[in-house]
Structure formats: structure tokens, C-alpha cells
Amino acid sequence: MLCASMLIAMGTGAATGAGRAPLQPKQLAGPATEFEAMRAPDPADAAILSRSALLPVVFDASGHATLRVPVHHGRLDAMLLSGGADWSPRLVSPAGVELAQATLARGARASRLGGEHDGQSGTVVRLDGLVRGDWTLHLQARPGEGGRGYLLLKGDDRLELASHQAHRRQLVGERMDIVAMLAADDGTRVALGRDAGHVRSAQLRIVAPDGTATLRPMHDDGRHGDGGAGDGRLAGGFVPDATGTWIAQVIVHGHDRLGTPFVRTAEHALPVIEAGPRLAAGTASAAYSSPGRLSVRLPLANAGKGAHYRVLAEVWGRDGKGGEVPVAWIGGMAEAGDGGLSLGLDERWIARAGALAPFELRALRIEDPDHFIPLATATRLPLSTPRLRLARTAPARQAAIDELMTMGPRPAAADARAAATGRKLVLVHGYCSGGVWPQAQFANSATFLDANQNRSHDQFAQRIKSFGAQWNSFGTVAHSQGGAASLHLYAYYWSGLDNASGSRLMQSVGTPYQGTNLSGIIATVGNWFGVACGSNSNMTYSGASAWLAGIPTSARSKVNYYTTAFRTTNWYTNDYCNAASDLVLGDPEDGTVERAYAQLPGATNRGHTAGQCHTAGMRDPAQYRDSSRNATMSSNAAR
């Protein structure tokens, strides 16, 4: 079982241990008005919109590499990710004139793509006054130095590559297709596909978990799931043959509507897992587990006993004339027992809907708890029920929705954690990080510490839960991924968060609730150079979208969040938080998260601050060092 270290005595704790605490999942449910929000998202809604290109650099036997570098509007913004090697760059114009080395050196500065433990160092080059067109970059590796790396280029903001997965069945042996299209916005209209630009070549670069890279063509012939022939919609795919994180990188070369050459890439970090449980029968069954509570049993095959899954389904019934009646959605995290999974359903949902048998489950999906990859699904599944005891009276239909209906029964008072006493504000760090909050600025607080680790939201949440079990109740102030992990904990598991009192239960700063494009790029770079913490699919656009599709509105409403970004220096020139991530992220951003993707629909946005960056070491002060905001969060925090 996870435990805190001896530092707890000083108000700081480390989340360690080999096992995990009992899950104690909530039995979630919500009204039919939330059906759409809880359904599996369309992968196209989580498309990567890329204005940049991450180009692999591979040297020949003599240590030489040559790359074509498109230059737009006379400006070059690029980064050489060399793994610390000196590549002696030379830049040659379209006319064959080499740029003076002194000019190249003045435009170069050291930077880092990613954080202290999850990033890669390199050299950012910013040059103005260049001739538009294809320049040539010559690189020369020294004997014995690394023979590969990446060149990261920032392109014209008006031309994007939109790329998304065709589906999220990321299973060994299941074909995975990637779909992409150009999109151009000149300020007056948006053009798509062929209207946005001409594609000269399009490839899908696949990097397996072992680092093996292969190139596959992308098609626009109308025969590969790419829409109509010649419409500018591209598609390509592969079949993963092993578990682990696969990288699917779309690489597109061409020229825009004005004839200017471009290159764009989009990086998809795709965790692939083994096939899991399957539905073993054509009917689900419900039985009373306690007065007013039904246990809905899903018969499964190939489910490991004790394994847990995220399950979501809609309950539908009939009215007196046989018409369809939506009742409620049910779900949550469920542990597999002998022969299946069980979900909870309060019969008051049925009474409120005025529904009658026969009942059925719709839009059923069973997902793994770490990546939210669908393992078993059913469009419609009959649900057998006992004779219901609660009559469909007017008072029953008008009864208020309470905690028992939305989260199920609280754990029994005999639970071991009931002996815990006291109240605390828990300060939570983010992905691949350590204790970042100045604890002295928060009253009655303790620092959660799981330093420099890569956890899924589910794993992270369970560690917060275990750490917080020292107290009867706690609230959270969280940075970055810690905000999502806190919300995940409250949404799915009983913990001290459910006992806390105060105006703001969960507060966060800089949390990528809807993901960040850096996740895929850092995963791609790390596959070659190695990154200490590894990739995290929960913070990709696709992974975040899948996660949010199971977070109830009632849980989101308990979150209060803040965003920050770099300071704008004047009306036409922007500052930046990090020179490297500025090549990738759209403004405004904090060096890691774009403001647009830091929003949490259904939560309370407490404001945006300019002049603060995601973490220390960036151009503006770190967002978690704002003493005024910290004082506000401390005084309003639930504990």
C-alpha cells in the first residue's frame, strides 16, 4: 500500500510504495441531458493543428546531412535538437549563397524543448531578412558523436496541417489509420484541402516502441479512407505488432496558395495495449443490492480478476405507449470480479424518467483506466431488471438529484481511513516534476511529492488519495497535470476530498485539461534521445479528449482554475515563455500549455495572468510563485 515518507511530520510527504490502496470507486450516474458529453468523442474533434515541422536528421557514413528549409516572409525560426552534439550548421540561400557564420551565430541561442526532466536541449536559431524560398541546411557531425537528431521548424501561422486518428482502438493487431488535411486562413476565409495548398509529398513515419522507424505513403486516391480522390484529404496507416508507445508522424511537403514552399508535420503518440475483456453474453442483468439500489451486471470474458476498467453506458426504457425513454447514464471505475463487472443504478433515475421495461444499455464502452482505449463496446445491449419497487408517482419524478444518485453509497464507516483526523490543504505538483509550491504561502497545508515520475491520471490520482488518507478531509491546489489528477480522483474514487468543507475544493494553475501538442513532439524526440520520464498519452489532444468524455459535469463544477501566458511587449511583437516551445505552441501560451487548451468546460475559470510561465527557467516568473494568487487560493481553499 502507498505510504507517505517521514517528511510528513514536517508537512511534506512522498508518495511511494509497491502496492495500491483499495480503489473504493464511486458508482457514477447522471441525467440524460449529459448523454452527449459522456459519449466517446469523435477523434476528429481532437485533431492536431500544426504550424510546425519536426524533421528527422540522419547522417550519412561521412557524418553529413542536408535538409531543405522553407523560409516564409523572410524569417527563419528553428531548433536543432542534437543531443548535445556540435553539428557545425551551414545555411545556404536558394541562390546558392552561404549565410555568414557570424550572422548565424548571432541568431543562435541555447534552449530546451520540454521541462527539466522531460525535455531535450538544443540550439534555437532566429533569423530575419532572409530571401523567401527553400534554403539548404548542411550539418556535419564530428566523429564519434550522435548520428541522428531532429530539426524543429516554425512555419507560417496561416497554414496548418490538421491531423487526427481514424479511431481509438489502439490494440495490438488492429490497423491504425491517420487522416490529415491542410487548412489555410488568410484572415478573410478558411480554405481546406486542395484549396489551402498543393501537397507535393505526404508520408507517414512510424516509429515502433523499440525505435525502429519506417516510412509509409499517405494517399489521396479515394481508396484508403481519405475521402474523395484528389480532394486534398490524406490517409495512411499501419498495424502495430507490439505493446508500447508508437509514434505516427505525418510529414507533408508542398507549396501554399502563393507558391511558397512549406513543410508541416504532426506527431501522434499512440499507446498500444493488448486486447482486453469482451462481452460474454447478449444481455446485462440488474438486481437489487440494497433498498433503492440496483447492481447492473455486465458479463465479461478475458477480464482479469481484480483488474479495473472505466465503464460508461446509457440506460434507456419505454413509456406507456412503447416509445423510447432516456433514463440516465451510469459508469465509473469498476473492478472485475468472477465473470464480469458491476455498475450501480439508483432506481430513482428510472422513476424520474417515468420509464418502464423493457430496458437496455446503449453506447456501452469498457476502457482501460490509463489510456481510455475502448476494449469492449456495444451499441445496444438488453438489460433485464427485477420488478421495480419505486412507483412512478409525481413526487418520485420531481425528487431532487442527490449524492447517492450521482456517486452511489459512501464507504462504510468501518473503513480503516475513518480513523484519520484533521483537515489539510494538499499541494500537488505536475508531470515529471517535484514540489513546486512555496508551502509557507499556504495555511494548514502539506506537500504531496512523487518526484520526477510519469503517471497516468489514474495512477497519479491513486497516489494523491493514499497521501491524503492521513487526514479525514483535504482540498487540493495543483499545478499542471496535478490538476487533472485531482479531478480524476474526485470524479472516480472516494477520498478525503469528499469530506472537505470550504468554497473551493480543487484549484489548479497551468493544467492542460484539453492536452498540449508538446506531448507528441517530446515523445517523438525522446524515442531517439531518451527522455527520463517518457511519454504521457493523457496529455495529448486525443488522450485528453478521451479522458474528459468520462468526467461528469458535477465533478468539473468543483474545479477552480487559472491560466497564464507570456507578457506581450507591444502591439505587434510578442514575448515568449520558452524559445523552443514557442516554435510549436499557438499564442497565448505559458511555455507548455496553450490558453485555449487549458480550459475546463463546466468548471470555474478564475482568470488569466500575463507575464507568468509554466515553470522555473522560462523567460517570465513561474506561475506557481505568484504570492498574491497563492494567498487567494489558500484563503478560499476547502480542507
Salt bridge check, Asp42 against Arg168: does any charged N sit closer than 4.0 Å to a carboxylate O?
no
For the pair Phe448 and Phe467, name the ring-plane relationship: parallel under 30°, tilted 30 to 60°, perpendicular over 60°.
perpendicular
Can you see whether Tyr492 engages Arg310 through a side-chain donor-acceptor pair at a distance of less than 3.5 angstrom?
yes
I'd like to know if the side chain of Thr377 reaches the main chain of Arg365, judged simply by a donor and an acceptor atom lying under 3.5 Å from each other, with no hydrogens or angles considered.
no
Under-4.0 Å salt bridge between Asp156 and Arg51
no
Hey, could you give me the SG/OH distance between Cys613 and Tyr576, rounded to the nearest 0.5 Å?
10.5 Å
With no hydrogens and no angle check, just 3.5 Å: does a side-chain donor-acceptor pair link His488 and Asn538?
no
Using modelled atom types and a 3.5 Å cut-off, is there a donor and acceptor pairing between side-chain atoms of Gln203 and backbone atoms of Arg205?
no
Might you point out which heavy atoms bring Gly510 and Val593 nearest each other, and give the distance in Å?
O-CG2, 3.7 Å
If I compare all heavy atoms of Ser456 with all of Gln481, which pair ends up nearest, and what's the gap?
C-NE2, 3.9 Å
Heavy atoms, side chains only, cut-off 4.5 Å: are Arg556 and Pro601 in contact?
yes
Looking just at side-chain N and O atoms, do His479 and Gln623 make a donor-acceptor pair shorter than 3.5 Å?
yes
Under 6.0 Å from the ring centre and within 45 degrees of the ring axis: does the NZ or CZ of Arg595 meet both conditions for the six-membered ring of Tyr561?
no
Does a donor on one side chain and an acceptor on the other come within less than 3.5 Å for His371 and Ser537?
yes
Under 4.5 Å between any side-chain heavy atoms of His164 and Ser542, yes or no?
no
Given ring-ring contact (aromatic ring centres under 6.0 Å, His included), test Tyr541 with Tyr597 step by step and report yes or no.
CA-CA 9 Å; Tyr541 293 147; Tyr597 290 93; 4.4 Å; yes
Do Val272 and Met176 have side chains that approach each other closer than 4.5 Å (heavy atoms only, starting at C-beta)?
no
Heavy atoms of Cys577 and Ala565 approach each other most closely as SG-C, 4.3 Å
Rounding to 0.5 Å, atoms CE (Met539) and CG (Asn517) come to a distance of 13.5 Å
Before giving the answer on side-chain contact (heavy atoms from CB on, under 4.5 Å), spell out for Asp458 and Tyr493 the whole-Å C-alpha distance, their side-chain angles and the decisive distance to 0.1 Å.
CA-CA 10 Å; Asp458 194 65; Tyr493 304 111; 2.6 Å; yes
Hey, does the side chain of Lys26 reach the backbone of Met333 with a donor-acceptor pair shorter than 3.5 angstrom?
no
Ser508/Tyr513 under side chain to side chain donor-acceptor pair (under 3.5 Å): CA gap, chis, key distance, verdict
CA-CA 10 Å; Ser508 66; Tyr513 287 109; 2.7 Å; yes
Give a yes or no on whether the backbone of Val426 and the side-chain of Thr476 come within a donor-acceptor separation of less than 3.5 Å.
no
Can you tell me if Arg112 uses its side chain to pair, donor with acceptor, with the backbone of Gly617 under 3.5 Å?
no
I'd like to check Trp87 versus Leu137 (side-chain heavy atoms, cut-off strictly below 4.5 Å). Are they in contact?
no
Answer yes or no: is there a donor N or O on one side and an acceptor on the other, between the side chain of Gln140 and the main chain of Gly63, under 3.5 Å?
yes
Salt bridge or not between Arg233 and Asp220? Use side-chain N to carboxylate O under 4.0 Å.
no
Walk me through whether Arg126 and Asp582 qualify under salt bridge (charged side-chain N to carboxylate O under 4.0 Å, His left out).
CA-CA 11 Å; Arg126 294 179 178 271; Asp582 186 57; 3.1 Å; yes
Counting only heavy atoms not in Arg175 (residues, nucleotides, ligands), do more than 12 fall under 6.0 Å from its CZ?
yes
Take Asn452 and Tyr431 through the test side chain to side chain donor-acceptor pair (under 3.5 Å) and record every step on the way to the result.
CA-CA 7 Å; Asn452 306 328; Tyr431 158 80; over 6 Å; no
Between the main-chain N or O of Ser519 and the side-chain N or O of Thr516, is there a donor-acceptor pair closer than 3.5 Å?
no
Taking Trp437 for the side chain and Val428 for the main chain, is one N or O donor matched with an acceptor at less than 3.5 Å?
yes
Within the 4.5 Å heavy-atom criterion, are Pro277 and Tyr309 side-chain neighbours or not?
yes
Nearest-0.5 Å distance, CE of residue Met506 to CG of residue Leu489
8.5 Å
Any side-chain to backbone donor/acceptor pair from Asn454 onto Ser535? Under 3.5 Å, distance only.
yes
Give a yes or no on whether the backbone of Gly482 and the side-chain of Ser486 come within a donor-acceptor separation of less than 3.5 Å.
yes
Asp77 vs Leu153 side-chain heavy atoms within contact, under 4.5 Å:
no
Got a second to check how far Leu49's CG is from Leu161's CG, nearest 0.5 Å?
9.0 Å
Can you tell if the side chain of Ser480 reaches within under 4.5 Å of the side chain of Tyr624, non-hydrogen atoms only?
no
Quick check: do Arg68 and Thr136 have side-chain heavy atoms less than 4.5 Å from each other?
yes
Among side-chain atoms of Gln170 and Gln165, is any donor-acceptor pair under 3.5 angstrom?
yes
Determine, step by step, whether Val69 and Asp134 satisfy the side-chain contact (heavy atoms from CB on, under 4.5 Å) criterion, reporting the C-alpha distance in whole Å, the side-chain angles of both residues, the deciding distance to 0.1 Å, and the verdict.
CA-CA 5 Å; Val69 181; Asp134 269 341; over 6 Å; no
Exercise: identify the closest heavy-atom pair between Thr511 and Ala484
CG2-N, 3.6 Å
d(Leu54 CG, Arg264 CZ) to nearest 0.5 Å is 13.5 Å
Nearest non-hydrogen partners of Val172 and Ala242, listed with the distance:
CG2-C, 3.7 Å
Return the CD to CG distance between Gln249 and Leu215, rounded to the nearest 0.5 Å.
9.0 Å
